[in-house]
Amino acid sequence: GAGVSQTPSNKVTEKGKYVELRCDPISGHTALYWYRQSLGQGPEFLIYFQGTGAADDSGLPNDRFFAVRPEGSVSTLKIQRTERGDSAVYLCASSLSPGGTDTQYFGPGTRLTVL
Amino acid sequence: GEDVEQSLFLSVREGDSSVINCTYTDSSSTYLYWYKQEPGAGLQLLTYIFSNMDMKQDQRLTVLLNKKDKHLSLRIADTQTGDSAIYFCAESSWFSGGYNKLIFGAGTRLAVHP
């Protein structure tokens, strides 16, 4: 079956612009996570959704970052007034439900470049 | 806070065993994971170990956990060129509400040469 998909695969924008990054989780997965991976680093947690609600947004770096999941499936990560430091690969992961090993399946990521 | 550390680079000869090491700080970690990342690809879960286990073997992969020293290792037997990738160690903290927040190390780049 289909895995986690993310669009676009690459996004180049100018400093100060607004961007949206989309994540399509595996069908039936209720848990959805966003991570950010800077160059040469491991992924860092941003936000976790259980269903439609953001249960933990403690990793969002500041209020320029916001994410939604209105119908409990597709999620959009929104970044306002982008800065060069926002350049990174944004990874989405989903899991069947929180519990047990909660194996998270990752998408290929969106590479965001802010010029 | 939580921290996961790994050596950054490992070079091995094809056919030899590779051992990638990781240390973590959160003694309440429930599960520890090894992920593989190939160029341009997402993270692929290789294996995981529950924190009350010492060892787990899965085909060519052996995971050893020393909970006292908070040390985790991944051994790849008969390393092949296709194993060349970045390997991430991750710990999970179990939160009320039953979800895992993964804390990753910076990754170990494994280079396999003939």
Side-chain angles (χ1 to χ4, degrees), chain A residues 2-10 21 23-26 29-51 53-60 69 88-111, chain B residues 1-9 20 22-26 29-53 56 58 63 72 74 85-109:
Chain A
V4 177
S5 62
Q6 294 185 244
T7 54
S9 56
N10 280 283
L21 312 179
C23 171
D24 278 275
I26 294 172
H29 281 196
T30 61
L32 186 146
Y33 302 77
W34 283 98
Y35 293 83
R36 179 168 73 172
Q37 186 175 17
S38 300
L39 190 64
Q41 300 296 316
E44 293 179 305
F45 171 83
L46 294 177
I47 188 169
Y48 158 70
F49 285 90
Q50 177 53 35
D56 183 348
D57 64 357
S58 62
L60 294 178
R69 195 186 184 199
V89 176
Y90 289 81
L91 296 167
C92 176
S94 69
S95 65
L96 186 57
S97 64
T101 63
D102 186 32
T103 301
Q104 295 180 30
Y105 296 89
F106 283 80
T110 293
R111 181 177 298 278
Chain B
E2 308 98 339
D3 193 23
V4 177
E5 294 192 355
Q6 304 177 237
S7 54
L8 295 182
F9 188 74
I20 303 171
C22 167
T23 57
Y24 61 98
T25 58
D26 187 355
S29 292
T30 311
Y31 290 94
L32 294 127
Y33 302 82
W34 284 103
Y35 280 85
K36 177 183 180 182
Q37 187 174 45
E38 295 178 274
L43 289 163
Q44 173 195 353
L45 177 65
L46 285 178
T47 187
Y48 64 90
I49 188 167
F50 188 50
S51 58
N52 70 352
M53 296 171 63
K56 180 179 180 181
D58 184 1
V63 179
L72 182 74
L74 174 70
I86 301 176
Y87 290 81
F88 291 94
C89 169
E91 63 173 350
S92 69
S93 297
W94 189 259
F95 288 81
S96 61
Y99 65 99
N100 280 330
K101 180 190 294 186
L102 295 177
I103 309 296
F104 286 87
T108 299
R109 182 178 295 276

Stepwise side-chain contact (heavy atoms from CB on, under 4.5 Å) test for B:L102 and A:Y35
CA-CA 9 Å; B:L102 295 177; A:Y35 293 83; 3.4 Å; yes

Checking [X] against chain A: side chain, backbone, both or neither under 4.5 Å from a heavy atom?
X     : value
B:Q37 : side chain
B:L45 : side chain
B:Y35 : side chain

Under the side chain to side chain contact (heavy atoms under 4.5 Å, CB included) test, which residues partner B:T108, sequence neighbours left out?
B:Q6, B:S7, B:L10, B:I20

Of all residues at least two apart in sequence or in a different chain, which pass the side chain to side chain contact (heavy atoms under 4.5 Å, CB included) check with B:I86?
B:F88, B:R109

Contact class of [X] relative to chain B, heavy atoms under 4.5 angstrom:
X      : value
A:Q37  : side chain
A:S38  : neither
A:Y105 : neither

